[in-house]
Amino acid sequence: MSEVRVRFAPSPTGYLHIGGVRTALYSWLWARQNRGTFILRIEDTDQERSTAKSIQVVLDSMRWLGLDWDEGPEVGGEHGPYFQSERLGLYADYAERLLASGDAYRCYATKQEIADARDAFHKTNAKGGFRFQSPWRDGADPPKDRDAYVIRFRAPREGSTGWDDVIKRRIDVPNDTQQDFILLRPNGMPLYNFGCVVDDLTMGVTLATRGDDHVINTAPQILLYKALGVEPPKFAHMPMVLAPNGEKLSKRHAAVGVLEYRDMGYLPDAVLNYLARLGWSHGDQEIFTRQELIEKFSWDHVGSTAGRYDAKKFLYVQEEHLRTLPDGEVARLTVPFLARIGIAAQADDPVLLEAIPYVKPRSATLADVADAVSYFLGEIEFEEKGKRKFLVPENASHLVQLAELIENVEPFEKEKLDEVVKGWLEANELPMKKVAQPARVAMTGRTRSPGLFEVMEVLGKDKTIARLRAAAELAASATTH
RNA sequence: GGCCCCAUCGUCUAGUGGUUAGGACAUCGGCCUCUCACGCCGGUAACGCGAGUUCGAACCUCGCUGGGGUCACCA
């Protein structure tokens with residue numbers, strides 16, 4: 001098999017869209033599976049939108065996801081530079097070649113003239129798409145009064161252009177629907193189709209991957225390759241990620257920037273897993289490690305239908321990944337989320353490490369984990385509802401008795417506590433329910449938590465007793481209505 | 001509207017001429033139980049429509065309908 005060279009070429013627009021991430025992911029998986037090369041290229045020719053900050057977001061996003069690139073910004077490579085805005089000389093050269101061969105021409109029409117022509121077209125002729133007919137296509141003399149021009153491609157009007165898409169089937173587009181699209185702006189900045197072709201060509205890309213919304217650009221690009229006398233790469237067009245209601249997924253529908261998932265406490269592998277599985281399958285398997293993804297990925301099983309974003313399934317995948325993550329890792333990753341809620345803890349904090357096994361099956365995200373361990377590490381905060389319902393005078397004595405009962409339990413471990421407390425309940429003909437909830441609220445401040453004895457063990461004897469007694473006092477003095 | 005793409009449970013999908021149409025999420029019911037989860041057991045739920053090819057179509061062909069994309073000096 002020949003070498004695999006693929007690229008991800010986002011335009012920095014403020015955030016990295018999860019739809020784009022999926023495109024990047026499939027390409028990356030393909031490269032890694034084949035020991036090929038994954039290139040990151042920044043398409044920053046739209047100077048209005050491209051900012052240093054946006055570029056940083058792209059790099060941060062890719063790094064957080066662990067989609068490492070072999071060539072691109074900050075790592076370099078033989079085919080650089082990897083920012084389109086720094087490759088202007090290259091585009092000029094190729095434009096010159098097309099000009100020389102007659103496959104391109106200079107067009108002096110102003111934006112206003114084109115806009116007027118478009119308006120006139122829409123007024124008179126409602127059917128068909130508008131295509132600007134440049135008077136300079138057929139060799140009119142350059143005007144004397146203006147020198148700004150764009151370079152347009154001289155698109156063929158006959159025949160058709162097609163390719164065998166790796167994901168879809170054969171696609172053919174009649175050439176008479178093509179327009180003389182612009183290659184270079186007056187300022188030398190290339191437009192998408194031209195920049196993309198020159199870059200894919202000079203970077204030796206063997207498979208061009210992109211979203212479904214780009215199928216329309218492929219025929220023009222193939223025309224460009226032909227005009228330049230080179231063989232086009234293969235193309236793979238990924239179906240889109242749609243919103244739950246079937247619209248194009250945008251900020252309106254869900255968190256679309258990957259970094260938002262980082263901030264919510266998702267794991268990179270979970271994001272990759274969910275996105276991979278949205279539009280690709282491997283039999284009945286739902287949960288994949290990164291390594292499994294690399295091993296099992298195949299273009300054959302990338303579907304051709306657009307997928308809808310499903311937040312619940314995403315969360316489920318995240319839960320599964322959290323569960324298989326070793327406790328030490330969970331602890332380490334939870335630290336920053338603890339800091340965010342005002343708890344300074346170290347990753348090797350023994351209380352944190354002890355609590356995690358109990359908290360993990362009850363959490364989906366790292367933010368959930370942080371919240372769930374907060375009362376072990378920090379001060380207790382009572383939920384108003386639980387406090388009002390369970391910390392009432394009639395429960396006060398039970399709490400005190402419980403505190404006294406466990407005073408001498410050694411070792412202070414859940415099995416032993418279970419035995420002692422249940423024995424006491426039985427002897428006094430007290431149902432567990434009667435005591436458990438008040439004690440839970442006393443120790444955690446909440447009505448929902450891990451098992452009572454697990455909480456006691458993690459909290460330790462001193463804190464457990466202190467909290468039971470404090471709550472008992474609170475309960476005794478509570479007024480009932 | 002032109003051009004292009006797409007069509008299996010609500011959602012993601014398996015399925016490549018013969019299956020009780022499978023799995024997962026969601027949903028509903030149950031078990032477990034000190035709460036909440038986890039886990040386990042079970043239920044509801046799909047081949048858009050119409051022709052054709054064939055002994056036989058979810059699978060092949062055509063049409064229709066529906067959805068999406070795109071018609072820029074954005075990418």
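Chain letters run A, B, ... following the sequence lines, proteins first and then strands; every chain starts at 1.
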Would you please confirm or rule out a distance under 4.0 Å between OP1 or OP2 of B:A37 and any side-chain N or O of A:R446?
no
Numerically ordered, the residues 243-253 of chain A set in heavy-atom contact under 4.0 Å with RNA chain B is A:G246, A:K248
I'd like the C1' distance from B:U8 over to B:G66, given in whole Å.
16 Å
Rounded distance in Å between the C1' positions of B:U44 and B:C34:
33 Å
Reckon A:T177 has a side-chain N or O less than 4.0 Å from the OP1 or OP2 of B:C71?
no
Looking at residues at least two apart in the chain, or sitting in another chain, which of them share a side-chain contact (heavy atoms from CB on, under 4.5 Å) with A:E295?
A:Q291
Using purine N1 to pyrimidine N3 plus N6-O4 or O6-N4 for Watson-Crick, or N1-O2 and O6-N3 for G-U wobble, both under 3.5 Å, which nucleotide pairs with B:A75?
none
Can you tell me, in whole Å, how much space there is between the P of B:A14 and that of B:C73?
39 Å
Could you encode protein contacts along nucleotides 24-31 of chain B as a string, one character per nucleotide from 5' to 3', using B for base contact, S for sugar-phosphate-only contact and - for no contact, with a heavy-atom cut-off of under 4.0 Å?
BSSS----
Find the distance A:F153:CZ to B:A72:P and express it as a whole number of Å.
18 Å
Rounded distance (Å) that lies between atom C1' of B:C5 and atom CG of A:N217:
14 Å
Suppose you measure atom C1' in B:U27 against the same atom in B:A46; what distance do you get, rounded to whole Å?
15 Å
Would you say A:S304 places a side-chain N or O within less than 4.0 Å of OP1 or OP2 belonging to B:A7?
yes
Which is true for A:K433 with a 4.0 Å heavy-atom rule: it touches a base, it touches only sugar-phosphate, or it touches nothing?
sugar-phosphate
Side chain of A:E43: nearest nucleotide among B:A75, B:A72, B:G15?
B:A75
Nearest-nucleotide pick for A:R323, side chain only, options being B:C34, B:G39, B:C5
B:G39
Any side-chain N or O of A:S449 under 4.0 Å from OP1/OP2 of B:C36?
no
Could you list the residues that satisfy side-chain contact (heavy atoms from CB on, under 4.5 Å) with A:H321, not counting sequence neighbours?
A:L267, A:D269, A:A270, A:N273, A:I287, A:V317
Can you measure A:K434 atom NZ to B:U35 atom P for me and round it to whole angstrom units?
15 Å
Can you name the side-chain contact (heavy atoms from CB on, under 4.5 Å) partners of A:A306, sequence neighbours left out?
A:L242
Aromatic contact, A:F314 with A:Y266 (centres under 6.0 Å):
yes
Taking for A:R170 and for A:M432 the nucleotide of RNA chain B with the nearest heavy atom, the one nearer the 5' end belongs to A:R170
Please tell me which of the listed nucleotides, B:A75, B:C73, B:C34, lies nearest to the side chain of A:Y192?
B:A75
Working for salt bridge (Lys or Arg N to Asp or Glu O under 4.0 Å), residues A:D103 and A:K226
CA-CA 10 Å; A:D103 289 300; A:K226 280 189 183 160; over 6 Å; no
Please state the P separation for the pair B:C59 and B:G15 - nearest whole angstrom.
15 Å
For the pair made of CD1 in A:I114 and P in B:A72, what is the distance, rounded to whole Å?
10 Å
A:Q179 CD to B:G2 P, straight-line distance once rounded to whole Å
18 Å
Between A:Q437 (CD) and B:C36 (P), how many Å, whole number?
8 Å
What does B:U16 pair with, Watson-Crick or G-U, if both distances are under 3.5 Å?
none
Is there a donor in the side chain of A:T202 and an acceptor in the side chain of A:R87, or the other way round, less than 3.5 Å apart?
yes
Closest to the side chain of A:E320, out of B:C3, B:C73, B:G39, is B:G39
Give a yes/no answer on whether the side chain of A:H237 brings an N or O atom under 4.0 Å of OP1 or OP2 in B:U70.
no
Partner nucleotide, any strand, of B:G52 [Watson-Crick/G-U, under 3.5 Å]
B:C60
Could you list by number each residue of residues 353-372 of chain A showing a heavy-atom separation from RNA chain B of less than 4.0 Å, or answer none if no residue does?
A:P361, A:R362
Applying the Watson-Crick and G-U wobble criteria at under 3.5 Å, what pairs with B:U33? Answer none if nothing qualifies.
none
Nearest-angstrom distance from the residue atom CZ of A:R152 to P of B:A72:
11 Å
Is the shortest side-chain heavy-atom distance between A:V173 and A:T161 below 4.5 Å?
no
A:T13 vs B:A75: side-chain N/O to OP1/OP2 distance below 4.0 Å:
no
RNA chain B: A:V173 or A:F453, which has the more 5' nearest nucleotide?
A:V173
Which of B:A14, B:G23, B:U70 is nearest the side chain of A:R277? It is B:G23
Under 6.0 Å between ring centres, would you say that holds for A:F8 and A:F38?
no
Find the partner of B:C3: check Watson-Crick (N1-N3 plus N6-O4 or O6-N4) and G-U wobble (N1-O2, O6-N3) distances, both under 3.5 Å, and reply none if neither fits.
B:G69
I want to check a possible cation-pi pair here: A:R146 against A:Y108, using under 6.0 Å from ring centre and within 45° of the ring axis as the test.
no
Any strand, both distances under 3.5 Å, Watson-Crick or G-U wobble: B:A24 pairs with B:U11
Which listed nucleotide (B:A72, B:A75, B:C12) is nearest to the side chain of A:F130?
B:A72
Taking the six-membered ring for Trp, are A:W163 and A:Y225 ring centroids under 6.0 Å apart?
no
Quick one, A:K389 with A:Q437, criterion side-chain hydrogen bond (donor to acceptor under 3.5 Å, both in side chains). Give me CA distance, side-chain angles, the key distance, then yes/no.
CA-CA 9 Å; A:K389 183 165 178 192; A:Q437 281 305 78; over 6 Å; no
